[in-house]
S.K.: 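The structure that follows is given in the form of C-alpha cells.
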Amino acid sequence: MAHGDARQQLLDDTIDYVSVHGLTDLSLRRLAAELGTSHRMLSHHFGSKEGLWVAIVQEIERRQLAAMGDLVPDPSLSFEDATRAWWRHISDPSLWPLERLFFEVYGQALHGRPPTSHLLDGIVDSWLGPAAELGEAMGVPHEEAVAFARLGLAVTRGLLLDLIATEDRDGVDAAMEHWIALNAQALADAVGRRNSDE
C-alpha cells in the first residue's frame with residue numbers, strides 16, 4: 001500500500017473509531033491497539049497525537065465541504081429549504097464527537113499550539129468561496145454573497161457549539177429557524193437591490 005493510501009486508511013479508521021468512542025483520554029498507543037496498528041505507525045504518519053487530531057479535523061472539514069455541495073446544489077430548493085437540509089446534516093448527533101474535536105483543536109490553534117496552528121490556514125476561507133457561490137447563484141452580488149457566507153459560517157458554528165454544550169435541540173433549532181427567516185429576507189433584499197441597479 002502506498003504511503004498516502006496507508007495514511008488515508010489510518011485516518012479513515014481513526015475517524016470511524018472516534019465517531020463511536022470519542023476522544024476522552026485517548027492515547028496514540030491505545031488508539032493504535034484499537035486499530036490493529038502500532039504507535040510507531042501513527043507517529044510516522046501524523047507526528048503526534050495533536051498532529052493526528054489536526055488531520056482528523058481537516059479531513060472532516062473536507063468531507064463537510066463536499067457534503068455541502070451534495071446537499072444544496074438543487075436550484076429548485078429555496079434558500080430556507082437548502083439551509084434546513086444543511087442544518088439537519090451538520091447538527092446530527094452522530095457528528096457531535098467530531099465537532100467536539102473540531103472546537104477543541106480550534107481552541108488550541110487560537111493559542112498557537114503546534115502543530116494545531118496549521119488548522120487556522122483556511123478554516124474560514126475554505127468555506128467562503130463555495131458558500132458565496134450559492135448566494136451568487138441566487139442573484140446576490142458577489143461582495144454581499146461573501147458577507148452572507150461569513151455570517152452563515154459564524155452562525156452555524158456558534159449554534160453547533162451551543163447545541164453540543166447544552167444539548168438543547170429545541171432551543172437551538174428555534175434559533176436557527178429565526179436566523180433562516182432573517183437571512184432569507186436579507187438575501188431577498190440584496191437581490192432586489194441588484195435588480196433595481198441593473
Side-chain angles (χ1 to χ4, degrees), residues 53-92 95-96 98-113 115-166 168-169 171-198:
W53 294 173
V54 169
I56 290 170
V57 169
Q58 289 173 332
E59 176 64 11
I60 295 303
E61 286 282 282
R62 185 194 66 74
R63 291 180 186 181
Q64 295 308 326
L65 275 165
M68 184 174 73
D70 292 341
L71 282 168
V72 292
D74 184 349
S76 68
L77 280 181
S78 68
F79 165 78
E80 295 91 333
D81 289 341
T83 304
R84 286 185 191 103
W86 175 246
W87 177 248
R88 278 192 305 274
H89 166 75
I90 201 74
S91 66
D92 188 282
L95 293 176
W96 290 6
L98 298 173
E99 288 162 348
R100 284 186 188 98
L101 174 64
F102 170 83
F103 288 115
E104 178 181 346
V105 175
Y106 201 168
Q108 291 181 19
L110 291 171
H111 285 284
R113 295 186 182 134
T116 62
S117 56
H118 298 298
L119 180 66
L120 297 179
D121 298 333
I123 199 73
V124 172
D125 291 343
S126 63
W127 288 92
L128 295 184
E133 285 175 17
L134 294 172
E136 289 180 76
M138 290 185 274
V140 177
H142 175 74
E143 294 78 17
E144 288 187 75
V146 172
F148 279 120
R150 188 177 294 274
L151 177 60
L153 179 62
V155 168
T156 301
R157 286 182 175 166
L159 288 177
L160 274 176
L161 183 58
D162 183 339
L163 180 61
I164 293 166
T166 66
D168 181 2
R169 168 62 78 177
V172 175
D173 282 351
M176 175 56 82
E177 280 297 322
H178 188 65
W179 178 80
I180 290 171
L182 290 172
N183 207 30
Q185 184 58 56
L187 285 167
D189 292 346
V191 171
R193 284 192 300 276
R194 177 180 184 170
N195 291 340
S196 67
D197 291 343
E198 291 179 350

S.K.: According to side-chain hydrogen bond (donor to acceptor under 3.5 Å, both in side chains), does anything in residues 152-163 pair up with another residue at least two apart or in another chain? List the pairs.
M.R.: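 For residues 152-163: Glu61-Arg157, Asp162-Thr166.
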
S.K.: Would you please name every residue forming a side chain to side chain donor-acceptor pair (under 3.5 Å) with Arg88, sequence neighbours left out?
M.R.: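 Listed in chain order: nothing, the list is empty.
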
S.K.: Applying side-chain hydrogen bond (donor to acceptor under 3.5 Å, both in side chains) as the test, list every pair that has at least one member in residues 129-145; sequence neighbours left out.
M.R.: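 For residues 129-145: Glu136-His142, Glu144-Arg193.
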
S.K.: With sequence neighbours left out, write down each residue that passes side chain to side chain donor-acceptor pair (under 3.5 Å) with Gln64, or none if nothing qualifies.
M.R.: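 Expected list: His89.
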
S.K.: Is the shortest side-chain heavy-atom distance between Thr116 and Trp53 below 4.5 Å?
M.R.: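 Contact flag for Thr116/Trp53 side chains = no.
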
S.K.: Please output the side-chain donor-acceptor pairs of residues 105-112 that fall under 3.5 Å, not counting sequence neighbours, one pair per line with the distance.
M.R.:
none

S.K.: At their closest point, which heavy atom of Ser91 faces which heavy atom of Arg169, and how far apart are they?
M.R.: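 So the two residues come closest at O-NH2, 2.7 Å.
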
S.K.: Mind checking what makes side-chain contact (heavy atoms from CB on, under 4.5 Å) contact with Asp125, not counting sequence neighbours?
M.R.: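 Checked Asp125 against side-chain contact (heavy atoms from CB on, under 4.5 Å); matches are Leu128, Arg150.
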
S.K.: Under the salt bridge (Lys or Arg N to Asp or Glu O under 4.0 Å) rule, collect the residues that match up with Asp121, sequence neighbours excluded.
M.R.: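 Listed in chain order: nothing, the list is empty.
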
S.K.: Roughly how far, to the nearest 0.5 Å, is CG of Leu95 from CD1 of Ile164?
M.R.: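 Going from CD1 on Ile164 over to CG on Leu95, the span is 9.0 Å.
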
S.K.: Any heavy-atom pair between the side chains of Val57 and Glu104 that's under 4.5 Å?
M.R.: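 No; the side chains remain at least 4.5 Å from each other.
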
S.K.: Please name all residues satisfying side-chain contact (heavy atoms from CB on, under 4.5 Å) with Ala175, sequence neighbours left out, ordered by chain then number.
M.R.: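 Applying side-chain contact (heavy atoms from CB on, under 4.5 Å) to Ala175 gives Leu159.
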
S.K.: What's the separation between atom CG in Leu187 and atom CZ in Phe148, rounded to the nearest 0.5 Å?
M.R.: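 It is 4.5 Å, given to the nearest 0.5 Å.
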
S.K.: Please name the pair of heavy atoms, one in Asn183 and one in Phe79, separated by the smallest distance, quoted to 0.1 Å.
M.R.: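 For Asn183 versus Phe79, the nearest heavy atoms are ND2-CZ, 3.2 Å.
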
S.K.: Which heavy atom of Ala132 sits nearest to which heavy atom of Ala149, and what is that distance?
M.R.: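 Scanning both residues, the minimum pair turns out to be N-CB, 3.7 Å.
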
S.K.: Return the set of residues passing side chain to side chain donor-acceptor pair (under 3.5 Å) with Arg100 (not counting sequence neighbours), or none when no residue passes.
M.R.: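 Checked Arg100 against side chain to side chain donor-acceptor pair (under 3.5 Å); zero matches.
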
S.K.: Grab the two heavy atoms, one from Ala67 and one from Trp86, that are nearest each other, plus how far apart they are.
M.R.: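 Answer, listing the atom of Ala67 first, then Trp86: C-CZ3, 4.0 Å.
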
S.K.: Where do Ala190 and Val140 come nearest, in terms of heavy atoms and distance?
M.R.: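 Heavy-atom minimum between the residues: CB-CG1, 4.2 Å.
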
S.K.: Any side-chain heavy-atom pair from Val172 and Trp87 closer than 4.5 angstrom?
M.R.: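 Side-chain contact under 4.5 Å: yes.
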
S.K.: side-chain contact (heavy atoms from CB on, under 4.5 Å) with Glu177: which residues, sequence neighbours excluded?
M.R.: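 Glu177 satisfies side-chain contact (heavy atoms from CB on, under 4.5 Å) with Arg84, Ile180 only.
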
S.K.: Would you indicate whether the side-chain heavy atoms of Ile123 and Phe102 approach each other to under 4.5 Å?
M.R.: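 Yes - at least one pair of side-chain heavy atoms lies under 4.5 Å apart.
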
S.K.: For Arg63, which residues count as a side-chain contact (heavy atoms from CB on, under 4.5 Å) partner, sequence neighbours excluded?
M.R.: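 For Arg63, the residues satisfying side-chain contact (heavy atoms from CB on, under 4.5 Å) (neighbours in sequence not counted) are Asp12, Ile15, Glu59, Ile60.
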
S.K.: What distance separates Met68 CE from Leu134 CG, expressed to the nearest 0.5 Å?
M.R.: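 Taking CE in Met68 and CG in Leu134, the distance rounds to 5.5 Å.
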
S.K.: Which pair of heavy atoms, one from Trp179 and one from Gly152, lies closest together, and at what distance?
M.R.: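 Closest heavy-atom pair between Trp179 and Gly152: CZ2-CA, 3.7 Å.
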
